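Below, all heavy atoms of this structure are taken into account, side chains as well, without hydrogens, waters or symmetry copies. Naming convention: chains lettered A, B, ... in sequence-line order (proteins, then strands); numbering from 1 in each chain. Source: prediction; values computed, not measured.
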Amino acid sequence: MTKRLILIDGSSYLYRAFHALPPLTNADGEPTGALFGIVNMLRATLKEAPDFAAFVVDAPGKTFRDDLYDQYKANRPPMPDELRAQVEPMCTIVEALGFPILRVPGVEADDVIGTLALQAADAGIEVTISTGDKDFAQLVRPRVTLVNTMSGSRMDSDDTVREKFGVRADQIVDLLALMGDSIDNIPGVPKCGPKTAAKWLTEYESLDGVIANAGNIKGKIGENLREALHQLPLSRELATIKTDVALDGGPETLILRPRAIDALRVLYARYGFGQALKDLDAAGDTSAASAGAAAVAIPAPPSTLDPALSVPGEYETVMTREQLDAWVAQLQAADEFAFDTETDALDAMRSGLVGLSFAIEPGRAAYIPVGHDYPGAPAQLDRALVLDALRGVLEDPAKRKLGQHGKYDIHVLRRHGVEVRGYADDTLLESFVLDAGIARHDLDSLAKRHLGMETIKFEDVAGKGAKQISFSQVAIDDASKYAAEDADITLRLHRVMKPRIEADAGLARVYTDIEMPLVPVLARIEANGVRVDADELRRQSADLSKRMLAAQQKATELAGRTFNLDSPKQLGALLFDELKLPAVVKTPKGQPSTNEEALEAIADQHELPRVILEYRGLAKLRSTYTDKLPEMINATTGRVHTSYHQAGAATGRLSSSDPNLQNIPIRTDDGRRIRRAFVAPPGRKLIACDYSQIELRIMAHLSEDPGLVRAFESGVDIHRATAAEVFARPLDEVTGNERRAAKAINFGLMYGMSAFGLARNLGIGRGEAQDYIALYFSRYPGVRDFMDRTRLQARETGYVETVFGRRLTLDFIQKGNPSQRAGAERAAINAPMQGTAADIIKRAMITIDSWIADHADRAKMILQVHDELVFEADLDFVDTLLAEVVTRMTSAGALRVPLVVDSGIGDNWDEAH
DNA sequence: TGTAAACCGTAC
DNA sequence: GACGTACGGTTTACAC
């Protein structure tokens with residue numbers, strides 16, 4: 001029988017498990033996250049009962065690659081302490097599990113693995129390399145297979161390598177050389193990624209072929225290639241795994257020892273690996289001395305201790321009444337469950353229900369298809385019947401439910417006749433409260449981040465781009481795996497993230513008292529929608545078009561030729577190359593900018609800039625607003641329904657999209673006209689209520705500056721009061737310019753502005769701006785102290801907090817380059833104020849919603865714009881609503897200064913201001 | 001044909 | 001480099 005060898009890349013798994021898993025600690029506070037991942041992986045390996053195995057790790061010290069290239073791995077940060085602390089315990093556990101450990105100085109673990117793999121393959125042994133490092137694909141060949149247990153991927157032939165990389169295994173080294181590697185600091189061809197590299201290698205076969213044909217490759221990327229030519233041979237050498245390392249023993253010496261059961265029991269207990277301990281005890285009594293082969297044969301029961309890496313789930317597709325009844329019974333018996341809906345479109349206000357999925361324990365999930373429709377689709381349970389069967393658990397407020405972005409599912413189910421109640425947890429919001437700063441909170445990213453798992457992506461089952469199909473056309477078997485996994489992963493993520501929130505009182509408060517209660521409130525606001533007068537907008541579009549045409553003709557005349565007024569590039573060429581006008585502003589990429597500031601600066605030297613400014617203003621209004629908004633009116637409701645994104649802004653603010661109703665113009669007359677198209681229905685009025693200077697009030701609260709607090713307590717115009725202080729004159733002698741300067745300072749401070757920025761804003765000298773700021777701080781010393789304190793806290797702890805405990809982690813404040821750090825400091829200054837304001841208005845929305853629920857037929861909340869709430873109400877209910885709303889808004893946060901709410905009433909949004 | 005980046009501009 | 005947080009339209013370049 002063929003012998004089998006498993007080579008485990010310990011170094012790669014250690015790093016990957018560390019970064020993929022949450023920073024767990026045991027009861028004594030020792031870090032265990034990476035250890036946990038490794039132990040689970042090794043236990044799975046033992047189940048495979050290989051004849052030979054080894055756990056290979058890097059030895060300390062330099063390797064031959066450092067000699068080849070002094071910059072090798074120069075970008076790699078030192079090993080974090082939490083990881084370093086896990087290395088020795090890891091080796092102890094690996095030893096106890098019976099694995100031979102290999103550490104060879106002068107080469108990397110990769111080279112040891114490569115050498116052993118080839119020796120074994122030559123000797124007829126089947127080799128499996130277990131690693132998280134894709135570079136090993138270069139070793140795939142007959143009898144050498146590559147697996148990644150964390151992602152579940154497997155490569156055992158040129159075909160499987162090609163699926164992943166687009167080239168054969170023997171071309172992988174060349175591919176890596178072309179791509180380079182920023183982590184290991186291997187130089188490659190700039191802007192050449194996996195796609196480009198694979199394309200070249202397919203065309204020219206090898207790196208040498210690419211080098212020989214470098215002259216034939218066009219474009220910027222061709223230039224990049226030619227400039228990088230000289231270092232490609234070095235890159236190839238660095239990327240090549242050695243297969244001729246001198247080793248003491250061959251593969252046949254790598255024999256597994258019996259597990260040291262007692263030692264393992266102590267170690268598992270110490271690090272809190274409950275499931276591993278249970279398995280050990282279950283197997284240990286009967287086969288204490290077995291060499292691991294079938295030692296862990298008993299399947300693990302569902303466990304809350306280590307849901308993260310437990311085996312892939314058993315998913316059921318519910319096709320019969322009996323199955324449905326059985327699942328409903330299980331849901332009724334469960335304390336909590338995760339659910340998810342699948343639909344035929346993205347828009348929550350239009351999409352139809354295609355299926356539902358549920359998970360009650362990690363690994364135990366089901367998919368109930370109700371709307372799959374394709375040739376040959378099997379008969380499915382009736383949608384109404386399924387929803388009726390589930391109605392009890394879904395509408396029961398005492399039954400805790402959780403989801404990922406459940407607001408969407410709440411909309412879909414409401415539109416299909418089911419009112420979800422008891423929506424208790426949401427993994428999107430758990431992630432947002434834990435790490436507001438990260439880019440993505442979608443399920444796939446979270447699964448990778450917190451569970452180290454690769455999930456089935458929507459595009460895997462439905463395709464993408466032009467080839468994308470509706471989920472209703474996805475084969476039920478595929479749909480079931482995808483949908484059940486979504487519910488399963490949601491549940492597992494919840495079990496990992498929720499305890500981390502509960503461990504911090506501030507985060508728990510923000511999550512439990514603000515974000516979760518807000519979910520149904522936002523769903524109601526979105527469902528309410530706002531009435532928009534499409535005819536009015538179309539009239540405005542026509543008017544704007546006429547004026548745009550006039551501006552365009554004038555511009556052509558002034559330029560002496562036609563050009564595309566919408567193209568910054570063409571405009572720049574005309575203004576700065578042909579007309580030789582000065583370029584005072586540069587874009588971030590160093591090009592001459594044609595933005596408003598740049599055009600204003602040259603408006604006195606030529607007529608054209610002014611005409612462009614006119615055109616731009618008109619074009620913006622038409623393309624973004626007057627043309628688009630009528631298209632967004634829902635055919636069923638006749639209203640416009642925006643989406644509010646609760647995890648949209650890192651500071652805790654909401655964002656709005658499809659359409660964005662938080663950037664409707666107000667500053668210019670032409671812009672403000674658009675607000676006249678946001679109207680109240682007949683018999684109703686719009687009521688707009690906005691917080692007056694809420695962020696500055698929060699600055700007064702946080703800084704406790706006596707002067708600023710006093711100014712707000714007195715109720716005077718804050719910018720005028722600031723001007724009076726800074727310019728040392730009575731309130732009624734403050735000039736317009738002085739007030740304008742004070743206002744610029746007030747706002748600039750909240751954004752962490754410098755003297756440079758203030759000078760530019762006010763059109764004054766930098767020295768003068770610096771004088772203003774110094775004067776300001778001398779009058780309001782508490783503000784300066786607050787700024788310094790905030791920066792210091794951010795630098796020391798890496799995060800800042802709002803009054804209510806919301807936390808924003810600033811990754812770049814400690815590790816970034818100077819420019820990134822400066823940016824992080826500005827964000828640190830701003831976030832407590834912007835974030836506290838967001839907390840306050842969210843609290844107000846929740847309490848107003850609960851009041852308005854009893855008057856739902858007479859009034860609705862319809863918009864939120866950061867510091868403003870808009871309602872529509874029956875004429876005879878306006879006064880009642882206004883009084884109640886203002887009271888609830890002003891009492892939504894207890895600050896050292898009063899909260900003041902301004903309000904207005906009108907037939908449209910403009911009038912209500 | 002589709003997508004991403006660059007640029008610009010609207011809001012608070 | 002220089003003012004925080006968003007969304008989105010148009011052009012442009014480029015990969016598929």
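- A/Thr196 comes within 4.0 angstrom of nothing in the nucleic acid, heavy atoms only.
- Within 4.0 Å of A/Ile829, counting heavy atoms only, lies no atom of the nucleic acid at all.
- Between A/Glu695 and A/Arg653 there is a salt bridge, with a side-chain nitrogen of the basic residue lying less than 4.0 Å from a carboxylate oxygen of the acidic one.
- A salt bridge links A/Asp788 with A/Arg791: the closest approach of a Lys/Arg side-chain nitrogen to an acidic carboxylate oxygen falls below 4.0 angstrom.
- Within residues 608-630 of chain A, the residues having any heavy atom under 4.0 Å from DNA chain B are, by residue number, A/Arg616, A/Lys620, A/Tyr625.
- The phosphate of B/dC12 has neither OP1 nor OP2 within less than 4.0 Å of any side-chain N or O from A/Arg653.
- Close to B/dC8, at under 4.0 Å from its OP1 or OP2, lies a side-chain N or O of A/Thr594.
- Across all strands, A/Asn660 comes closer than 4.0 Å only to sugar-phosphate atoms, never to a base (heavy-atom distances).
- A salt bridge links A/Glu825 to A/Arg795: one of the charged nitrogens lies within less than 4.0 Å of a carboxylate oxygen.
- A 4.0 Å heavy-atom criterion places the boundary nucleotides of DNA chain C facing chain A at C/dA2 to C/dC16, written 5' to 3'.
- Using a 4.0 Å heavy-atom distance criterion, A/Glu596 is classed as a sugar-phosphate-only contact.
- Atom name P, nucleotides B/dA6 and C/dG1: the rounded distance is 15 Å, in whole Å.
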